[in-house]
Amino acid sequence: MAKIDYIEEIKRLKQAKNAVILAHYYQKPEVQDIADYLGDSLALSRIAANTKADIIVFCGVHFMAETAKILSPNKLVLLPVKKAGCSMANMIDDKSLEEYKLNHPEVKIICYVNSTAKVKALSDVCVTSGNAEKVISQFKNHKLLYVPDKNLGAYLREKYQLDMELWSGYCGIHNDINVAEVEKVKTKYPHSELIVHPECKLDIIKMADYVGSTKSLLNYVNVSDSKEFIVGTEKGIIHQMKLANPNKSFYLLSDKLSCHDMKLTSLTDVYHALLNEQYEINVEANIQVNALKALEVMFELTDR
Ligand code: 13P
Ligand code: SF4
């Protein structure tokens, strides 16, 4: 049997079916390379909301494909690996949040996009790491609850002096980084700038020269005069950093910075997703409507 040229087949199927491939920066390099659009959570959600394609193949994790479906309910949204999920998104369930809301009706709920559609539907506004500061600073005069990432929440609370409770979720990858290992890497590469994602713990964020979403970290290394960087986020982003800056050096802060679920998707999975139109993501109509409201408030406040 002839060997399948997955890249050529993906291109052919994509065109034949009017599909678009979206990939997060944490995907494997070869998956990033075949994407029509590559981005962080914010950029990809904007593309998902505006694409003219009939099919969105989302190379990422479940909450990202679900967000695309909320934003484009009439399109076929596919997640190439059915079990690709996010441990942080699973650290909050809608029943507990519903109960919190009943007991605290005065509190505005700010929801990190790394969450399920049901949780978004119970929230007043969504944020991504790329717009959290801009959005949340417009809620300064309210009592707030931030779900589910306690680390990004703690960073925002301190920076903007917010009256905000935090849910106890976290990203297992970013949360695992500790001060001792950061000090060790900084000693090893003394001329480097330390750049980190705000899903890291606050004590790590405070050691950094720059903090931002994956896209903003990429923008930063592109414009910085420094020649060396210690990268404190998931290792997938280094592929783009190197492509854009062949003369700069990038050191991953820790080997722990690899998201198992983000790395599940292969070119074969993308091919099968297009060929068999799998795995379809669906969101119940009433949940879609309410989750969309929280996302639309986010876009409105981001674009102000
Ligand atoms: P951003 O894409 O917003 O940087 O978020 C990182 C992340 O954890 C995605 O799962
Ligand atoms: Fe979830 Fe962390 Fe993986 Fe992002 S990197 S998908 S937050 S587990």
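Both counts, for ligands and for their atoms, begin at 1 and track the order of listing.
- The closest approach between a heavy atom of Y26 and any atom of ligand 1 is below 4.0 Å.
- By the 3.5 Å distance cut-off applied to N or O atoms, D40 is not counted among the residues near ligand 1.
- Salt bridge K118/E98: absent, no basic N to carboxylate O contact under 4.0 Å.
- Only protein atoms were considered; those of element N, O or S under 2.8 Å from atom 2 (Fe) of ligand 2 number 1.
- With salt bridges taken as basic N to acidic carboxylate O contacts below 4.0 Å, one links K17 and E277.
- Residue contacts with ligand 1 include M64, since one or more of its heavy atoms lies under 4.0 Å from the ligand.
- The proximity of N114 to ligand 1, defined as any non-hydrogen pair under 4.0 Å, is limited to the side chain.
- Heavy-atom separations between H24 and ligand 1 include at least one value shorter than 4.0 Å.
- Looking at K215 next to ligand 1, no N or O pair under 3.5 Å apart turns up.
- A salt bridge links D303 to R46: one of the charged nitrogens lies within less than 4.0 Å of a carboxylate oxygen.
- E199 contributes atom CD, which lies 14.0 Å from atom CD1 of I204 (distance to the nearest 0.5 angstrom).
- In summary, K11 and E8 engage in a salt bridge, as defined by a charged side-chain N under 4.0 Å from a carboxylate O.
- Distances shorter than 4.0 angstrom do not occur between any heavy atom of E234 and any atom of ligand 1.
- The shortest N or O to N or O distance between T128 and ligand 1 is not under 3.5 Å.
- Taking atom 8 (O) of ligand 1 as the reference point, the nearest protein heavy-atom neighbour is E199 OE2, 2.9 Å.
- Contacts of Y170 classified as ring-ring contact (aromatic ring centres under 6.0 Å, His included), with partners at least two apart in sequence or in another chain: none.
- For the pair K186 and E183, the salt-bridge criterion is not met [side-chain N within less than 4.0 Å of a carboxylate O].
- Closest heavy-atom contact between C111 and V119: SG-CG1, 3.9 Å.
- Residue S213 has no N or O atom closer than 3.5 Å to an N or O atom of ligand 1.
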